[in-house]
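See structure below.
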Amino acid sequence: MSKIETGKYLSPKVILSLSVLAGFLIFVTLIISFLGRQINDKANRISEQRAEIEGRITSISRLAELKATAKEAEPGLAELRSLLPKRDELVSFPRYVNSLSSNHSLTPRFEFQGQEIEPTDDQAGTSGFYLSLTGSYRNILSFIDDFEEGQFIIKINSFDVVAQRESSDFKAEIQGLIYFRG
């Protein structure tokens with residue numbers, strides 16, 4: 001085997017050139033690596049922004065659909081609102097109860113009681129009431145049917161009927177809620 005002369009091939013000029021080339025390759029590798037991270041970060045941000053834009057587009061589409069549906073529902077909503085009396089119109093409720101009980105030959109005793117709950121945009125207000133009726137059992141049941149189907153929207157929370165000892169009449173005690181709008 002022959003001996004290779006390294007001094008002939010690895011002169012200081014060649015070593016310097018190879019060092020410069022290696023340094024340049026390391027520098028280019030570092031720049032490419034840095035730019036790759038920057039591009040990757042920007043791509044991730046663009047992807048997140050696209051997802052956010054798609055979410056906003058979906059939300060805007062839903063809002064447009066809801067607005068269209070709200071316009072369609074407005075007449076029905078107005079009709080529903082008209083079914084509920086205003087708070088000021090509740091003063092006619094005791095007169096209505098007296099008239100209805102008179103039609104059924106009953107003796108009423110009516111009073112509002114409890115806390116009023118204020119109406120909100122999506123819920124009707126309520127006011128509690130107590131009603132005592134005296135009369136025949138058949139007339140009381142007939143009154144209840146007409147009362148529940150009457151012009152006011154009510155909810156009966158409790159209903160007790162007791163036979164009177166001193167007469168053949170019955171006494172009914174009703175507690176409930178009447179709904180109203182603001």
Side-chain angles (χ1 to χ4, degrees), residues 32-133 135 137-161 171-182:
I32 289 174
S33 172
F34 175 75
L35 290 176
R37 279 193 298 261
Q38 292 292 323
I39 290 171
N40 193 23
D41 289 345
K42 294 234 186 235
N44 287 339
R45 275 191 249 140
I46 288 171
S47 179
E48 289 170 2
Q49 288 173 349
R50 279 189 177 173
E52 183 179 338
I53 289 170
E54 287 176 11
R56 288 182 181 181
I57 288 172
T58 302
S59 295
I60 290 171
S61 297
R62 287 184 187 154
L63 180 62
E65 290 173 11
L66 288 173
K67 283 186 177 183
T69 304
K71 286 181 182 177
E72 292 173 11
E74 192 62 39
L77 188 57
E79 186 175 330
L80 284 174
R81 284 188 183 129
S82 72
L83 291 175
L84 292 175
K86 290 184 179 180
R87 173 184 283 126
D88 299 341
E89 295 171 353
L90 290 183
V91 296
S92 66
F93 187 60
R95 282 182 284 175
Y96 167 73
V97 169
N98 287 337
S99 172
L100 190 60
S101 60
S102 176
N103 292 346
H104 291 281
S105 303
L106 298 171
T107 306
R109 192 179 119 239
F110 176 86
E111 59 187 57
F112 284 109
Q113 64 179 196
Q115 281 290 69
E116 236 181 40
I117 297 176
E118 297 291 323
T120 61
D121 289 339
D122 60 344
Q123 238 179 357
T126 60
S127 183
F129 68 86
Y130 168 81
L131 174 61
S132 173
L133 300 166
Y137 187 73
R138 183 183 307 266
N139 289 352
I140 290 174
L141 292 180
S142 178
F143 170 88
I144 294 298
D145 287 339
D146 290 346
F147 189 51
E148 287 182 318
E149 295 175 7
Q151 69 187 51
F152 292 95
I153 298 177
I154 61 163
K155 175 184 176 189
I156 295 178
N157 292 331
S158 69
F159 174 67
D160 294 322
V161 179
K171 181 177 182 179
E173 292 184 349
I174 302 168
Q175 289 185 332
L177 298 171
I178 180 169
Y179 293 91
F180 64 89
R181 60 187 161 101

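Taking CG from Leu35 and NZ from Lys42, the interatomic distance works out to 11.5 Å, rounded to the nearest 0.5 Å. Between the CG atom in Leu133 and the CZ atom in Phe147 there is a gap of 8.5 Å [rounded to 0.5 Å]. Atoms CD1 and CD, on Ile154 and Glu149 in that order, are 10.5 Å from each other to the nearest 0.5 Å. To the nearest 0.5 angstrom, Arg37 atom CZ is 12.5 Å from Ile32 atom CD1. For the atom pair CD1 (Ile156) and CD1 (Ile144), the distance works out to 4.5 Å, reported to the nearest 0.5 Å. To the nearest 0.5 Å, atom CG of residue Leu106 and atom CD1 of residue Ile140 are 6.0 Å apart.
Taking every heavy atom of both residues into account, Phe93 and Ile178 meet most closely at CD1-CD1, 3.4 Å. Between Tyr96 and Gly150, the shortest heavy-atom distance links the atoms OH-CA, 3.0 Å. Across Gln175 and Tyr130, no two heavy atoms sit closer than the pair CG-CD1, 3.9 Å. Across all their heavy atoms, Lys155 and Tyr179 have their closest contact at CD-OH, 3.6 Å. Contact detail for Val97 and Phe143: the closest heavy-atom pair is O-CE1, 4.1 Å. Closest heavy-atom contact between Leu90 and Phe112: O-CZ, 3.7 Å.
Without hydrogens or angle criteria, Gln123 side chain to Thr120 main chain gives no donor-acceptor distance under 3.5 Å. Remark: the backbone N or O of Ser132 is not paired with any side-chain donor or acceptor of Arg109 at under 3.5 angstrom. One N or O on the side chain of Asn139 and one on the backbone of His104 form a donor-acceptor pair closer than 3.5 Å. Between the Thr58 side chain and the Glu54 main chain, a donor and an acceptor come within less than 3.5 Å of each other. With hydrogens and angles disregarded, no donor-acceptor distance shorter than 3.5 Å links the side chain of Ser102 to the backbone of Asn98. Between the side chain of Ser47 and the backbone N or O of Ala43 there is no donor-acceptor pair closer than 3.5 Å.
Annotation: Glu111, atom CD; neighbour count of heavy atoms from other residues, nucleotides and ligands within 6.0 Å is above 12. Annotation for Tyr137: atom OH does not count as buried by contact number, only 12 or fewer foreign heavy atoms lying within 6.0 Å.
In this structure the side chain of Pro85 never reaches within 4.5 angstrom of the side chain of Gln151, judged on heavy atoms. Under the 4.5 Å side-chain criterion, counting only non-hydrogen atoms from C-beta, Ile174 is in contact with Phe129.
Ion pair Arg56/Glu52 flagged as a salt bridge, since at least one NZ, NE, NH1 or NH2 atom sits closer than 4.0 Å to an Asp/Glu carboxylate oxygen.
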